[in-house]
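Below is one structure, written out as structure tokens, with a few remarks after it.
Just so it is clear, the model here is predicted, and its values are computed rather than measured. Letters A, B, ... mirror the listed sequences (proteins, then strands); counts begin at 1. Quick note: numbers below take in every heavy atom, side chains included, and nothing from hydrogens, waters or symmetry partners.
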2 protein chains.
Amino acid sequence: MDEMDAAMALVEKWRSQSRKGFLDLCALSLLASRDESYGLDMMEALAQAGLEVSEGTLYPLLARMTREGSLSPSWTTPETGHPRKYYRLSPTGQLVLAAMREEFDRNVAALRRIEGGTR
Amino acid sequence: MDEMDAAMALVEKWRSQSRKGFLDLCALSLLASRDESYGLDMMEALAQAGLEVSEGTLYPLLARMTREGSLSPSWTTPETGHPRKYYRLSPTGQLVLAAMREEFDRNVAALRRIEGGTR
DNA sequence: CCAAATATCTTGCTATGCAATACATAATAT
DNA sequence: ATATTATGTATTGCATAGCAAGATATTTGG
């Protein structure tokens, strides 16, 4: 089936676009529920929840949010093991998360209205 | 409150990012429930549902989806009024919509898991 | 000492949202 | 007739995020 292949290719392209911004919300939400975490640990937790995120995506995201003031990182060198950079929400980050959640929920509600009875 | 302003500015920047891809899903969903519609009419319907979309956003989106094969447009000149370009879902577009819905729902479910009990 | 594991960071590419602007035609007012 | 407003669609340019691929650094095990 040719039609199917075309559709799948389109959706694959769409996938990475549709994650823009959404991953910010996921990362902030994760930190809100875990209090603090580091890169690889977050990757594993997100995957556990069903969301595969690569390093090339997550690390720039964490760097940006730190630069913007939503995250407060702190290096920690455990007695045994590799040094880790732990992130936690800053006060600004908590405000940002709350606003993002509101907006996201509004958008989902709008989508449901748009879908109308067609589901 | 300074902290609040910083957060609002960040969320404003985030907003347009978070709509990438999401608007594709909304447009396809709208056409699925309406069978056919034209640009300004879609803008109005989306706004009615709580989603403000500008022309500079919607028209390129419709042009792209047409180019990709998800939409089948057809010009219509009514007896009275301005010529309109009506869009409807192509067979490919219906497959794309179904796949997008699945993925979107999976992502929302993942987010809810990530949020855990913190809401 | 070398290889594998753990952990973080960088570069380059592609693609979308959106403000601003432009263009065209139909209806209405003067 | 003619100007103005309303309706309708399209384009340009910029900023920004996701991601594959690869680089870097440290710790541990053979």
Side-chain angles (χ1 to χ4, degrees), chain A residues 9-28 36-47 51-68 70-71 73-87 100 103 107, chain B residues 9-28 36-47 51-68 70-71 73-87 100 103 107:
Chain A
L10 288 176
V11 174
E12 202 160 326
K13 189 185 69 166
W14 170 80
R15 179 170 298 119
S16 81
Q17 292 298 326
S18 72
R19 282 160 58 116
K20 288 179 198 286
F22 180 69
L23 296 181
D24 292 30
L25 175 55
C26 291
L28 292 180
E36 76 172 8
S37 182
Y38 64 97
L40 287 188
D41 187 47
M42 293 179 71
M43 275 184 60
E44 197 186 339
L46 293 170
L51 208 79
E52 305 284 344
V53 182
S54 71
E55 298 137 24
T57 297
L58 185 62
Y59 284 112
L61 183 158
L62 293 171
R64 169 174 49 87
M65 285 187 139
T66 299
R67 189 189 336 122
E68 292 170 342
S70 292
L71 300 183
S74 64
W75 281 100
T76 304
T77 308
E79 291 135 18
T80 168
H82 203 273
R84 294 166 177 169
K85 197 172 186 176
Y86 277 87
Y87 293 91
M100 284 182 180
E103 174 106 6
N107 282 342
Chain B
L10 288 175
V11 174
E12 201 162 327
K13 189 183 69 166
W14 170 82
R15 178 170 299 121
S16 81
Q17 292 297 328
S18 72
R19 281 161 57 119
K20 288 180 198 286
F22 180 70
L23 296 182
D24 293 31
L25 175 55
C26 291
L28 292 180
E36 75 171 10
S37 182
Y38 63 97
L40 286 190
D41 186 47
M42 293 179 72
M43 277 186 58
E44 196 185 340
L46 294 170
L51 208 80
E52 304 283 344
V53 181
S54 72
E55 296 138 22
T57 297
L58 186 63
Y59 283 113
L61 183 158
L62 293 172
R64 170 173 49 87
M65 286 187 139
T66 298
R67 191 189 333 123
E68 292 169 343
S70 292
L71 301 183
S74 64
W75 280 100
T76 304
T77 309
E79 291 137 18
T80 167
H82 204 274
R84 296 167 175 168
K85 198 173 186 176
Y86 276 87
Y87 294 91
M100 283 182 180
E103 175 105 7
N107 283 341

Kindly list each side-chain donor-acceptor pair under 3.5 angstrom involving residues 52-63 of chain B, sequence neighbours excluded, with atom names and distances?
unit_1	atom_1	unit_2	atom_2	d
B/S54	OG	B/T57	OG1	3.3

Can you identify which nucleotide, out of [options], has its nearest atom closest to the [X] side chain?
X     : options                : value
B/R19 : C/dC18, C/dC9, C/dA7   : C/dC18
A/Q17 : C/dT10, C/dA26, C/dA15 : C/dA15
A/Y59 : C/dA7, C/dT25, C/dG17  : C/dA7
A/E55 : C/dC18, C/dT10, C/dC9  : C/dC9

Open item on the list: Quick check for you: to the nearest 0.5 Å, what is the distance between B/M65 atom CE and B/L23 atom CG?
Closed with: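 The CE atom of B/M65 sits 9.5 Å away from the CG atom of B/L23.
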
What I'd like to find out is whether the side chain of [X] reaches to under 4.5 Å of the side chain of [Y], using heavy atoms alone.
X      : Y     : answer
A/L25  : B/S18 : no
B/S70  : A/L10 : yes
A/E103 : B/W14 : yes
B/K13  : A/E68 : yes
A/Y38  : A/L40 : yes

TODO: Between A/G81 and A/F22, name the one whose nearest nucleotide on DNA chain D is closer to the 5' end.
DONE: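 The answer here is A/F22.
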
Task: Comparing B/Y87 and A/R64 on DNA chain D - which has the more 5′ nearest nucleotide - done: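 Between the two, 5'-proximity favours B/Y87.
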
Length of the line joining [X]:[atom1] and [N]:[atom2], which is rounded to integer Å:
X     : N      : atom1 : atom2 : result
A/R67 : C/dT8  : CZ    : P     : 18 Å
A/M43 : C/dT6  : CE    : C1'   : 12 Å
A/W75 : C/dA7  : CH2   : C1'   : 8 Å
A/E44 : C/dA7  : CD    : C1'   : 13 Å
B/E12 : C/dA19 : CD    : P     : 10 Å
B/E52 : C/dA19 : CD    : P     : 11 Å
B/R84 : C/dA26 : CZ    : P     : 13 Å
B/M65 : C/dG17 : CE    : C1'   : 14 Å

TODO: Please state whether the phosphate of C/dC9, meaning OP1 or OP2, lies under 4.0 angstrom from any side-chain nitrogen or oxygen of A/K85.
DONE: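 Checking C/dC9 against A/K85, a side-chain N or O does come within under 4.0 Å of OP1 or OP2.
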
Task: Presence of B/T80 side-chain N/O under 4.0 Å of C/dA27 phosphate oxygens OP1/OP2 - done: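 Answer yes for this pair, as a side-chain N or O of B/T80 is under 4.0 Å from OP1 or OP2.
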
Looking across every strand, which nucleic acid part, if any, lies under 4.0 Å from [X] by heavy atom: base, sugar-phosphate, or nothing?
X     : result
A/G56 : base
A/T57 : base
B/R15 : nothing
A/L23 : sugar-phosphate
B/W14 : nothing

Open item on the list: On DNA chain C, compare the nucleotides closest to B/P60 and B/H82; which residue's is nearer the 5' end?
Closed with: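 Whichever sits nearer the 5' end wins; that is B/P60.
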
TODO: Tell me, please, the opening and closing nucleotides of DNA chain D, 5' to 3', among those with an atom under 4.0 angstrom from a non-hydrogen atom of chain A.
DONE: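 Reading along DNA chain D, I get D/dA17 to D/dT28.
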
Open item on the list: Under the criterion salt bridge (Lys or Arg N to Asp or Glu O under 4.0 Å), I'd like the reasoning laid out for B/R84 against B/D41: C-alpha separation, chi angles, the key distance, then a yes or no.
Closed with: CA-CA 10 Å; B/R84 296 167 175 168; B/D41 186 47; over 6 Å; no

